[in-house]
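Below is one structure, written out as structure tokens; comments come after it.
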Amino acid sequence: MTVAMPLRPRLRDELRIVETASEGVGDVRDDAPVQLLDPATGRRMHLSAAQRQAFALFDGTRDVLALAHGLAAQDIEADVDDVAALVRDAAALDLLAESDPARDGERVAARRARRRRALDQALDHALAQVLRLACTIPAFAAAVRAAEIDEPRQWLAAVPSFDKAGLRASFPDRLLPDGRDAEALYVRRSSGTASEGVQSFREPDEDAQQDDRLWTMAAFVGGAMGVRFTTRQCTGGACPLPSLDAGGPRHRVHEGTLWLDLRDDAWSLQAWELDAIDDAIRGAAPTHFGADAAYLARWVHHVRARGRTLPRVRHVQTGFADTCAIHRGVLRRAFGCPVIDVLSSSELGLVAVECSAGHHHVLEPLLLAEVLTPTRPGTARDDRPVAPGELGELVLTTVARREAPLLRYRTGDLVRALPGPCPCGAAEQALQLEGRARDVLWLAQGPVTSRAIDRAIGDDQALLHYQLQQREPDRFELRAIGNAEGAAARLSALLGAPVRARSVTRIAAEASGKYAYVRPLT
């Protein structure tokens, strides 16, 4: 029998959870100690212990998607197929509720409000601890002690923000509590996207904490083998293996992940190198990808030019650098699966993850986010918060760190905080990413961000890659691999100035190994 699968499956409210007898019920499994009972019909459906725990966690919710997230939050292994089986069984027994958008909206809002209160309580508690610790950290001690206020967030707001230059000036000794050495920490170096690279401390369990939170928040679909596209720059970040410069092999499997070492510039890869990448991927039979979207899109173009089929994967995670709409469109069409973007930095680790509505949610309660007035070149830093919906710089405090926290760290990322709740229903702070502060075009009509440029270009299938260069205050050039005439016309309308289209065969990556899609006048 084929059963329709609703988009947001929900069990009927009148269902009750009942204990099952240890014997006498022939179809009760050892791992299903409880059942869902329909009092009206007497129909029963078994629940595993893990599913029962998730019901308890979510205070009796009947939302099956919330149930799936509950399993992840409880650190309980749950495959997507298990959740799908639960929905099919419930539908077959007529235990699913009819869709009621109004009631569903009320439930989502109530659940979001409960979750928001819990997050705020956790953030305030952790922030108070971090501020007390900061009294012993030379880089922050004077400001934190001078501003001590009972309310943690007001206390934090009295501490000046700091940026990469401040981090470079303070590392390492001024970032450690008095009497603490760095033996239990490890150092990570950034690739230098916005300026020269910086070094920062990371704590031993921090990556695991962030990974757990990421998988709880994101719509990732699990799988046994992943593929990570990376470059030699990754030795300062996520890649746990020796780089090509250290004489390591190009492609290696490590803890269930195939790591692909590439050149720093995807568009300089030769056909034989792309063929070798293709062979390695097919040999790994991946279930998901993790990549800079530009690198993965480059491989997709090569595979299609060769007339080969692409592997079927469950999800694609993009990150490491900005994901432009062109590359995102390539990946969506190529794989027909969720393409989920993750914002991260070497100094902070994972920062935010994209939701189904296209917004990025901060990894609360590991991080406390603020959106402050962006710093225009040649002006003094301004620590005033901006209103929701206005352009500002993302400023983060690492409230989960207990050894070397960062307070009010300016990330260099421009964002807009959502003025209302996110349509996806998540309670974590939602942001619209606007690109790097260094990439803003400061025009007479106001700032134009790299994401505004990207939105104007859109998913233009005539383009493979692009870079907009500001040649003079009111003159621009769109360098593109592919036909850029249509995109140049749209950008001329956006900028109120002529944009010349220029066809090229290669656009070089920055020294960081990342691509700059907008280059303002220096």
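By convention here, the first residue in the shown sequence is residue 1. Given the structure is predicted, the values throughout are model-derived calculations rather than measurements.
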Just checking, is any N or O donor in the side chain of Arg410 or Ser161 under 3.5 Å from an acceptor N or O on the other one? yes

Salt bridge check: are Arg116 and Glu428 linked by an N-O gap of less than 4.0 Å? no

To the nearest 0.5 Å, what is the distance between CD1 on Ile481 and CG on Leu463? 9.5 Å

Has Arg312 got more than 12 heavy atoms of other residues, nucleotides or ligands less than 6.0 Å from its CZ? no

The single option from Asp292, Val342, Leu331 that satisfies side-chain contact (heavy atoms from CB on, under 4.5 Å) with Thr318 is Leu331

Go through Glu510 and Arg519 one step at a time and tell me if the salt bridge (charged side-chain N to carboxylate O under 4.0 Å, His left out) criterion holds. CA-CA 11 Å; Glu510 305 290 289; Arg519 273 191 169 175; 2.8 Å; yes

With distance as the sole test, does Ser492 use its side chain to make a donor-acceptor pair with the main-chain N or O of Ala488 at under 3.5 Å? yes

Set out, in order, the CA-CA distance, both residues' side-chain angles and the distance that settles salt bridge (charged side-chain N to carboxylate O under 4.0 Å, His left out) for Glu485 and Arg500, then state yes or no. CA-CA 8 Å; Glu485 295 297 334; Arg500 173 177 174 261; over 6 Å; no

So that I know where these two stand, are Trp267 and Tyr295 an aromatic pair - ring centroids less than 6.0 Å apart? no

So that I can tick it off, tell me whether Arg328 and Asp459 are bridged by a salt bridge, with the cut-off set at under 4.0 angstrom between side-chain N and carboxylate O. no

Hey, are Glu434 and Arg451 close enough for a salt bridge, meaning a charged N less than 4.0 Å from a carboxylate O? no

Indicate yes or no: does Asp278 engage Arg308 in a salt bridge with an N to O separation below 4.0 Å. yes

Does this structure show an ion pair linking Lys514 with Asp322, if we count only N-O contacts that are shorter than 4.0 Å? no

Give, for atom CD of Glu477 and atom CD of Gln469, the distance between the pair rounded to the nearest 0.5 Å. 6.0 Å

Is the shortest side-chain N to carboxylate O distance from Arg202 to Glu206 below 4.0 Å? yes

Would Lys164 and Glu347 satisfy salt bridge (charged side-chain N to carboxylate O under 4.0 Å, His left out), going step by step from the backbone distance to the final call? CA-CA 9 Å; Lys164 288 180 183 288; Glu347 305 95 294; 2.7 Å; yes

Taking the six-membered ring for Trp, is the centroid-to-centroid distance between Phe335 and His315 below 6.0 Å? no

